[in-house]
Trainee: 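Got a structure for you, written out below as structure tokens; questions coming shortly.
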Amino acid sequence: MTQLPGLLDTDAIRKDFPLLDRVVHDGKKIVYLDNAATSQKPRQVLDALNEYYEQHNANVHRGVHVLAEEATALYEGARDKVAAFINAPSRDEVIFTKNASESLNLVANMLGWADEPYRVDHETEIVITEMEHHSNIVPWQLLSQRTGAKLKWFGLTDDGRLDLSNVDEIITEKTKIVSFTLVSNLMGTVNPVETIIRRAQEVGALVCIDASQAAPHMVLDVQALQADFVAFTGHKMVGPTGIGVLWGRQELLEDLPPFLGGGEMIETVSMHSSTYAPAPHKFEAGTPPIAQAVGLGAAVDYLSAIGMDKIAEHEHALTEYAMKRLADIPDLRFIGPSTALDRGATISFTLGDIHPHDVGQVLDEEGIAVRVGHHCARPVCLRYGIPATTRASFYLYSTPEEVDALADGLEHVRNFFG
């Protein structure tokens, strides 16, 4: 297998991922290029999940028997691993949720119920962008509808970047929260964090970053970002489904109200009132995703052992190679940046007047798994006047041969449709 010079040993890495050896459709080896939707899982994560259920399964925190103590140690140990992975100042700033969507909804609801100075109401503004995943649009629309706050957004340039030419007009003294994606899930665009955060800080607005497409692919340092909240999900970073993370600054988590009420998140309860546990437990009502957190801890160990800087370098080189290969295909139009500069490992495109669903179906017959549709980012499709795109997305185990298979598959699609 061809290696990109000086980067990851994908031959060795791929041996850790059982699914990558699957064959489909009469013996075709799977070419998995749908990593922006979810990643495959290495044996190390699968083994951690099995070991938890086989040897340590119990509920956490309140039990005094050996299994409860072991489960608690594993669960809280996963929190320590995540905190180190994102360079959080404190482990107590790491909240486990079921996915990034829940993390972002948590922030929106906290701000809707908060007291001053954090409260979002009819006199305030919320700022997002036109490239967001629906998970970072709908919660803010709901909050705007409930509170009367004005929802504003940054538009997109023709080449798939944020249009920040009017940043001072979009982010104003009335802005309470600015929430945006670090890396676009549809276009792969890496956004200029510093410019947006600097303006938000000038007016005293909070900043929330959706890092779902960043945490799996690059070094994620929450202190360097200087945001107030950062959300991401486990299943895109070789971890299990059903586990997400919200990081928040300690002082904010102490001041803001909880989103869900129930067991575990309380300090005292009477029939008249309740008081709440300190963060992070204040925001983790009920039995948490214990096994999933353990699996995420194993995923963090796996990625850290390889090195996030090396993963980012590998994916950048692979994306450059892919864009050069695909650019030679007649009638193929990139949706988003036309080069690999400030671009993640995701490429969305259209192919002439062939509907993306047809493209995806023909590619599937060749064993090539891509994603088709609006990718939960329909405003982007509306902006560029298209119904949908075909999206190929790469990861640490992706190879130049898989890019070549995609390019050959697209030529087959063109021939198939004449």
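The analysis underlying the following values was restricted to heavy atoms, covering all of them including side chains, and did not include hydrogens, waters or symmetry mates. Numbering of residues begins at 1 and proceeds along the displayed sequence.
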Trainee: Check whether the ring centres of H314 and F394 lie less than 6.0 Å apart, and answer yes or no.
Mentor: no
Trainee: Ignoring hydrogens and angles, state whether a donor on the side chain of E132 or T129 is under 3.5 Å from an acceptor on the partner side chain.
Mentor: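 Side chains of E132 and T129: pair found under 3.5 Å.
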Trainee: Mind checking the CG-CD spacing from L246 to E284? Nearest 0.5 Å is all I need.
Mentor: 10.0 Å
Trainee: Are R333 and I335 packed together at the side-chain level, in the sense that at least one heavy-atom pair is separated by less than 4.5 angstrom?
Mentor: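 Side-chain contact under 4.5 Å: yes.
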Trainee: Just how far is it from atom CZ of F96 to atom CZ of F283, taken to the nearest 0.5 Å?
Mentor: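 Between atom CZ of F96 and atom CZ of F283 there are 15.0 Å.
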Trainee: Do T189 and L162 have side chains that get closer than 4.5 Å, going by heavy atoms?
Mentor: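 No - every pair of side-chain heavy atoms lies 4.5 Å or more apart.
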Trainee: Check V94 against A88 and note the closest heavy-atom contact, atom names and distance.
Mentor: CG2-CB, 4.5 Å
Trainee: What distance separates N191 CG from D210 CG, expressed to the nearest 0.5 Å?
Mentor: 10.5 Å
Trainee: Do R414 and L351 have side chains that approach each other closer than 4.5 Å (heavy atoms only, starting at C-beta)?
Mentor: yes
Trainee: Could you check whether any side-chain N or O of K41 sits under 3.5 Å from a backbone N or O of H235, counting only pairs where one atom can act as donor and the other as acceptor?
Mentor: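 Yes; at least one donor-acceptor contact below 3.5 Å.
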Trainee: Quick one: are F180 and V193 in side-chain contact, heavy atoms under 4.5 Å?
Mentor: yes
Trainee: Under the side-chain contact (heavy atoms from CB on, under 4.5 Å) criterion, do V107 and L111 qualify, and how do the steps go?
Mentor: CA-CA 6 Å; V107 177; L111 297 180; 4.1 Å; yes
Trainee: Evaluate the side-chain contact (heavy atoms from CB on, under 4.5 Å) criterion for residues L332 and L410: first the C-alpha distance (whole Å), next the side-chain angles of each, then the deciding distance (0.1 Å), finally the verdict.
Mentor: CA-CA 9 Å; L332 187 142; L410 290 172; 3.9 Å; yes
Trainee: List the steps, then state whether salt bridge (Lys or Arg N to Asp or Glu O under 4.0 Å) holds for R325 with D408.
Mentor: CA-CA 10 Å; R325 286 287 278 116; D408 292 343; 3.8 Å; yes
Trainee: Q213 side chain to A36 main-chain N or O, any donor-acceptor pair under 3.5 Å?
Mentor: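 Yes, the answer is positive, given that a donor and an acceptor are paired below the 3.5 Å cut-off.
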Trainee: More than 12 foreign heavy atoms under 6.0 Å from NZ of K28: is that the case here?
Mentor: yes
Trainee: If I compare all heavy atoms of A37 with all of R391, which pair ends up nearest, and what's the gap?
Mentor: N-NH2, 3.5 Å
Trainee: Decide side chain to side chain donor-acceptor pair (under 3.5 Å) for T389 and H375; before the verdict, give the C-alpha distance in whole Å, the side-chain angles of both, and the deciding distance to 0.1 Å.
Mentor: CA-CA 8 Å; T389 75; H375 316 294; 2.7 Å; yes
Trainee: Using the rule given for ring-ring contact (aromatic ring centres under 6.0 Å, His included), can you reason through H134 versus H374, listing the C-alpha separation, both sets of side-chain angles and the distance that settles it, and then say yes or no?
Mentor: CA-CA 10 Å; H134 296 167; H374 54 57; 5.4 Å; yes
Trainee: Compare every heavy atom of K282 with every heavy atom of L256, then report the nearest pair and how far apart it is.
Mentor: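 So the minimum-distance heavy-atom pair works out to O-NZ, 2.8 Å.
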Trainee: For atom CG of D26, is the number of surrounding heavy atoms from other residues, nucleotides or ligands below 6.0 Å larger than 12?
Mentor: no
Trainee: With a cut-off of 6.0 Å (strictly less than), are more than 12 heavy atoms of other residues, nucleotides or ligands near NZ of K152?
Mentor: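 Atom NZ in K152 is packed in, count exceeds 12.
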Trainee: Ignoring hydrogens and geometry, is there a side-chain-to-backbone donor-acceptor pair from R146 to Q141 under 3.5 Å?
Mentor: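 It does not hold such a pair.
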Trainee: Determine, stepwise, if the pair H25 / D364 fulfils side chain to side chain donor-acceptor pair (under 3.5 Å).
Mentor: CA-CA 9 Å; H25 301 316; D364 175 65; 2.9 Å; yes
Trainee: What I want to check is whether the side chains of D404 and Y321 have a donor and an acceptor closer together than 3.5 Å.
Mentor: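 Y321 and D404 do have a side-chain donor-acceptor pair below 3.5 Å.
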Trainee: Let me confirm one number: the OG1-CG distance from T350 to D331, rounded to the nearest 0.5 Å.
Mentor: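 Output value for this atom pair is 9.0 Å.
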Trainee: When you check the side-chain N and O atoms of W153 and E130, is any donor under 3.5 Å from an acceptor?
Mentor: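 The answer is no; no qualifying pair exists.
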Trainee: Are the side chain of S39 and the backbone of N35 linked by a donor-acceptor contact shorter than 3.5 Å?
Mentor: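 A pair under 3.5 Å: no.
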Trainee: Identify the two heavy atoms, one from K236 and one from P216, that lie closest to each other, and give their separation to 0.1 Å.
Mentor: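 That would be O-CB, 3.2 Å.
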Trainee: Identify the two heavy atoms, one from V370 and one from G360, that lie closest to each other, and give their separation to 0.1 Å.
Mentor: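 For V370 and G360, the tightest heavy-atom pair comes out as CG2-CA, 4.2 Å.
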Trainee: Say you draw a straight line from CD1 of I196 to CD1 of I171; how long is it, rounded to the nearest 0.5 Å?
Mentor: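 Taking CD1 in I196 and CD1 in I171, the distance rounds to 6.5 Å.
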Trainee: Please find out if less than 6.0 Å separates the ring center of H61 from that of Y75.
Mentor: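 Under 6.0 Å, so yes.
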Trainee: Is it the case that the side chain of D228 and the backbone of V207 share a donor-acceptor pair, with hydrogens and angles ignored and the cut-off at 3.5 Å?
Mentor: yes
Trainee: Does D9 come within less than 4.0 Å of K310, counting only side-chain N to carboxylate O?
Mentor: no
Trainee: With under 30° as parallel and over 60° as perpendicular, where do the rings of Y32 and Y397 fit, or are they tilted in between?
Mentor: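 It falls in the tilted class, 30° to 60°.
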Trainee: Quick check: are there more than 12 heavy atoms from other residues, nucleotides or ligands sitting under 6.0 Å from CG of D309?
Mentor: yes
Trainee: Are any of the side-chain heavy atoms of R79 and P280 separated by less than 4.5 Å?
Mentor: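 In short, these two side chains touch, coming nearer than 4.5 Å.
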Trainee: State plainly whether the residues D255 and R249 are in salt-bridge range, i.e. N to O under 4.0 Å.
Mentor: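 Between R249 and D255 there is no salt bridge, as every charged N stays at least 4.0 Å from the carboxylate O atoms.
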Trainee: Taking the side chain as C-beta and beyond, is there a heavy-atom pair between T97 and V245 under 4.5 Å?
Mentor: no
Trainee: Do R161 and P337 come close enough that some side-chain heavy atom pair is under 4.5 Å?
Mentor: yes
Trainee: Examine distances only and state if a side-chain atom of S144 and a backbone atom of A149 form a donor-acceptor pair shorter than 3.5 Å.
Mentor: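 Checking the backbone N and O of A149 against the side chain of S144, a donor-acceptor pair under 3.5 Å is found.
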Trainee: Using side-chain contact (heavy atoms from CB on, under 4.5 Å), reason through Q292 and K98 one step at a time and then give a plain yes or no.
Mentor: CA-CA 9 Å; Q292 292 87 342; K98 70 174 181 288; over 6 Å; no
Trainee: So T172 and E125, side-chain contact (heavy atoms from CB on, under 4.5 Å) or not? Walk me through it.
Mentor: CA-CA 8 Å; T172 71; E125 297 174 348; 2.9 Å; yes
Trainee: What's the shortest heavy-atom distance between D34 and R371, and which atoms?
Mentor: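 Shortest heavy-atom separation between D34 and R371 comes out as OD2-NH2, 2.6 Å.
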Trainee: Decide yes or no on side chain to side chain donor-acceptor pair (under 3.5 Å) for Y302 and D16, but give the supporting numbers first.
Mentor: CA-CA 10 Å; Y302 185 85; D16 292 332; 2.8 Å; yes
Trainee: More than 12 non-hydrogen atoms from neighbouring residues, nucleotides or ligands closer than 6.0 Å to CG on D21, yes or no?
Mentor: yes
Trainee: Give the intermediate values and the outcome of salt bridge (Lys or Arg N to Asp or Glu O under 4.0 Å) for residues E320 and R343.
Mentor: CA-CA 10 Å; E320 276 191 322; R343 203 187 211 287; over 6 Å; no
Trainee: What verdict does the side chain to side chain donor-acceptor pair (under 3.5 Å) test give for T346 and S393, after you've listed the backbone C-alpha separation in whole Å, the side-chain angles of each residue and the deciding distance to 0.1 Å?
Mentor: CA-CA 4 Å; T346 293; S393 48; 4.8 Å; no
Trainee: Could you check whether H217 and H316 have their ring centres less than 6.0 Å apart?
Mentor: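 No; H217 has its ring centre 6.0 Å or more from that of H316.
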Trainee: I126 versus V120: any side-chain heavy-atom pair under 4.5 Å?
Mentor: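 Yes, side chains in contact.
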Trainee: Should the heavy atoms of other residues, nucleotides or ligands under 6.0 Å from CD of E202 be counted, would the total exceed 12?
Mentor: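 Yes, because the 6.0 Å sphere around CD of E202 holds more than 12 heavy atoms from other groups.
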Trainee: Using a distance-only test with no angle check, is there a side-chain donor-acceptor pair under 3.5 angstrom linking N136 and W140?
Mentor: yes
Trainee: Could you state the interatomic distance from CD1 (I243) to OG1 (T233), rounded to the nearest 0.5 Å?
Mentor: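 Spacing of CD1 (I243) from OG1 (T233) equals 8.5 Å.
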Trainee: If we ignore angles and hydrogens, is there a donor and acceptor under 3.5 Å between the side chains of T147 and D121?
Mentor: no
Trainee: With a cut-off of 6.0 Å (strictly less than), are more than 12 heavy atoms of other residues, nucleotides or ligands near CZ of R22?
Mentor: no
